[in-house]
Amino acid sequence: MAKNKAAKPRRPRAETPRGFRDYFGAEVTNRAEMLSRVTAVYHAHGFDPLESSAVETVEALGKFLPDVDRPNEGVFAWEDDDEGWLALRYDLTAPLARVYAQHRRDLPNPYRRYAVGPVWRNEKPGPGRFRQFYQCDADTVGAASVAADAEICGMLGEALEAAGIARADYLIRVNNRKVLNGVMEVAGVLDPADPERDAARRGIVMRAIDKLDRLGLDGVRALLGAGRKDESGDFTEGAQLGEAQADVILGFMDARAEDGAGTCARLRELVGGSATGLEGVQELETIAEMLAASGAGHVVIDPSVVRGLGYYTGPVFEAELTFEILDEKGRKRQFGSVAGGGRYDDLVTRFTGEKVPATGVSIGVDRLLAALAAKGRAEAAPAGPVVVTVMDRDRMAEYQAMAAELRAAGIRAEVFLGGGNMGKQLKYADARACPVAVIEGGDEKARGVVQIKDLALGARLAANIETREDWQAQPAQMEIARGDLVAEVRAMLARAGG
RNA sequence: GCCGACGUAGCUCAGUAGGUUAGAGCACCAGAUUGUGGAUCUGGGGGUCCCCCGUUCGAGCCGGGGCGUCGGUACCA
């Protein structure tokens, strides 16, 4: 194909980078609304807001040592001429550890703070997985008591309910890493005298337990033993536990009983003589007691919750939504975990050398929003503003005055600023789902009246319109006195809204 | 990362064995309607057929490589 390609200008492609997205109108306002409800709960519990820097030194983020041109997998990092290696934060917890270590002399002890904002992860994105997303965290630093853990759990329930999730629609499952460690001792993969030994195997065990809901008991058993081959033929190395060892772990996961007391009694048996394990069970009992006393949300003790992350040291918990929704193709979909957290007593140690106890929760904002949106799929598109149309360009000031009057009365309103005739203006109003359009031409002006048009009503009537005459009858439009503009528009909005 | 499927207009897709100027529906724009959105009719704009290399007189179609999307799996401080 010897087409003579004249030099076409190379234009930039208008596209969001992979893994990122743009948020429009209602997505932004819905999120802001949800966050303000959630943070109001945090605030009511005495937590202070903290807005820390989005960029941290790689060193402060921890665990990642900057290496020549291969920055850090997982984070967005770059080398600054003066500052060395910097990176965008990948969560809100590591920055908290840094802020606390840096300002601990001036901060109250314990320090309770909440934080909201975007975090960035340089990972392969997938459906529902982005490289920038919002988190909403609350943490208590400097309180070793399980009362702090119980408070966070209860508060999470309150926050979910404030966000619009009914108590029956979510479930907070609580467990304790100490109990798990006790069980590992019994299974012989944790030696209290030599905690480093078998650490890798314990990691595999933990992640295997974490996959119970997806793989089922058989899948987990395979991962505890030799390994598991998935449907695509890929093989995952297992923890190489013997049958008896695996039974101990599986028994632990299955220890959930009718009620918390029953579960704890079983755990107490399973943990046997492990001091750590018994301590963990004791803590679970205390948390259950406290939550029951405070009438907190929907919380159960469930030994199958472990959380994949390695840094947790005590209570861990996860909130999941229990309702199912249908996606756009009619398939059943379940929302997994929308929030999680736990106690991590070692995070600040890196900076100060001291052991500072901390516990907290993180809500996956985007996931929770997606769930709320999916649940209320029937809800109508958010209404646009009232549009004051422009008939005579030289009377712009008068139109602006009308819009200002409406706004002063608390009604969202704008003057049409584009070009084009009446048809174009109403098309614009229609596209924005505006409830009402205001029209004042020279004719109306002379008679001291304006036309107001109920666009939503018009749309409903249009369904039954057959002839052009019906069409032009404009039943959704009424003429009112100019002086009654605010009152009449308000009344029309009320009719449309009711 | 690994395994598999797929990649044609903004969206959903068709495209006959490799053969002129690549199509449809929806959406968008304009006109019918000189002051009225959504119905109807007519017209219009819009494509690097994912990219590169190769085979061929000729490639949306065939071959190789790459990229991307989707599904499964792994990892996720």
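- Counting any heavy atom pair closer than 4.0 Å across all strands shown, Tyr311(A) reaches sugar-phosphate atoms only and no base atom.
- Rounding to whole angstrom units, CZ of residue Phe416(A) and C1' of U36(B) are separated by 13 Å.
- In this structure, G63(B) forms a base pair with C53(B), meeting either the Watson-Crick or the G-U wobble geometry with both donor-acceptor distances under 3.5 Å.
- Within the shown strands, nothing qualifies as a pairing partner of U21(B) under the Watson-Crick or G-U definition with both distances less than 3.5 Å.
- With rounding to whole Å, Glu237(A) atom CD is found 12 Å from C75(B) atom P.
- Under the 4.0 Å criterion applied to side-chain N and carboxylate O atoms, Arg395(A) and Glu440(A) are assigned as salt-bridge partners.
- For C76(B), the OP1/OP2 oxygens have a side-chain nitrogen or oxygen of Arg207(A) closer than 4.0 Å.
- For G54(B) and U73(B), the C1' atoms lie 35 Å apart once the distance is rounded to whole Å.
- A cation-pi arrangement is absent between Arg98(A) and Tyr100(A) under the rule of less than 6.0 angstrom and at most 45 degrees off the ring axis.
- For A39(B) and U21(B), the C1' atoms lie 35 Å apart once the distance is rounded to whole Å.
- Heavy atoms of Lys424(A) sit under 4.0 angstrom from primed sugar atoms or phosphate atoms, though from no base atom.
- For the C1' atoms, the distance linking C51(B) with A14(B) amounts to 24 Å, nearest Å.
- The P atoms of C2(B) and G66(B) are separated by 11 Å, rounded to the nearest whole Å.
- Contact annotation for Glu444(A): base contact, defined as any heavy-atom pair under 4.0 Å involving a base atom.
- When Watson-Crick and G-U wobble pairs are counted only if both distances are under 3.5 Å, G46(B) pairs with no nucleotide at all.
- Pair check for C26(B) finds G10(B); Watson-Crick or G-U wobble, both atom distances under 3.5 Å.
- Between Arg343(A) and Asp345(A) there is a salt bridge, since at least one side-chain N of the basic residue sits less than 4.0 Å from a carboxylate O of the acidic one.
- Only the P atoms considered, G64(B) is 15 Å distant from U55(B), to the nearest whole Å.
- A59(B) and G18(B) have their P atoms separated by 14 Å, given to the nearest Å.
- Taking a pair to require two hydrogen-bonding distances under 3.5 Å in either a Watson-Crick or a G-U wobble arrangement, A39(B) remains unpaired.
- Regarding contacts with the backbone of C76(B), every side-chain N or O of Arg121(A) stays at 4.0 angstrom or more from both OP1 and OP2.
- Ionic pairing of Arg482(A) and Glu444(A) is not present here: no N-O contact between side-chain nitrogen and carboxylate oxygen is shorter than 4.0 angstrom.
- One can place CZ of Arg131(A) at 13 Å from C1' of G68(B), the figure rounded to the nearest angstrom.
- In this model, the phosphate group of U73(B) is approached by a side-chain N or O of Arg214(A) to a distance below 4.0 Å at OP1 or OP2.
- Using a 4.0 Å cut-off between charged nitrogen and carboxylate oxygen, Arg201(A) and Asp198(A) count as a salt-bridge pair.
- In this entry G71(B) has C3(B) as its Watson-Crick or G-U wobble partner, both defining distances falling under 3.5 Å.
- Taking atom C1' on both nucleotides, C29(B) is separated from G68(B) by 31 Å, rounded to a whole Å.
- Look at U33(B): it lacks any Watson-Crick or wobble partner with both distances under 3.5 angstrom.
- Comparing the C1' positions of C61(B) and G46(B) gives a spacing of 24 Å, expressed to the nearest Å.
- Counting any heavy atom pair closer than 4.0 Å across all strands shown, Asp443(A) reaches a base atom.
- Atom pair Ile452(A):CD1 and G37(B):P shows a separation of 18 Å (rounding to whole Å applied).
- If you measure from atom CE of Met391(A) to atom C1' of G37(B), you get 14 Å, rounded to the nearest angstrom.
- The side chain of Gln477(A) lies closest to U36(B) when the candidates are U36(B), G35(B), A30(B).
- Look at Arg112(A) and Asp139(A) and you find no salt bridge, because none of the NZ, NE, NH1 or NH2 atoms lies under 4.0 Å from a carboxylate O.
- Each of Gly19(A) and Asp430(A) lies near RNA chain B, and the nucleotide nearest Asp430(A) is the one positioned closer to the 5' end.
- Residue Met422(A) has its side chain nearest to U36(B) when only A74(B), C75(B), U36(B) are considered.
- The interatomic distance linking Leu457(A) (CG) with G37(B) (P) rounds to 16 Å, in whole Å.
- C76(B) atom P lies 18 Å from atom CG of Leu61(A), rounded to whole Å.
- Look at CZ on Arg228(A): it is 11 Å from P on C75(B), rounded to the nearest Å.
- Taking the six-membered ring wherever Trp is involved, the centroid distance between the rings of Phe416(A) and Tyr428(A) falls below 6.0 Å.
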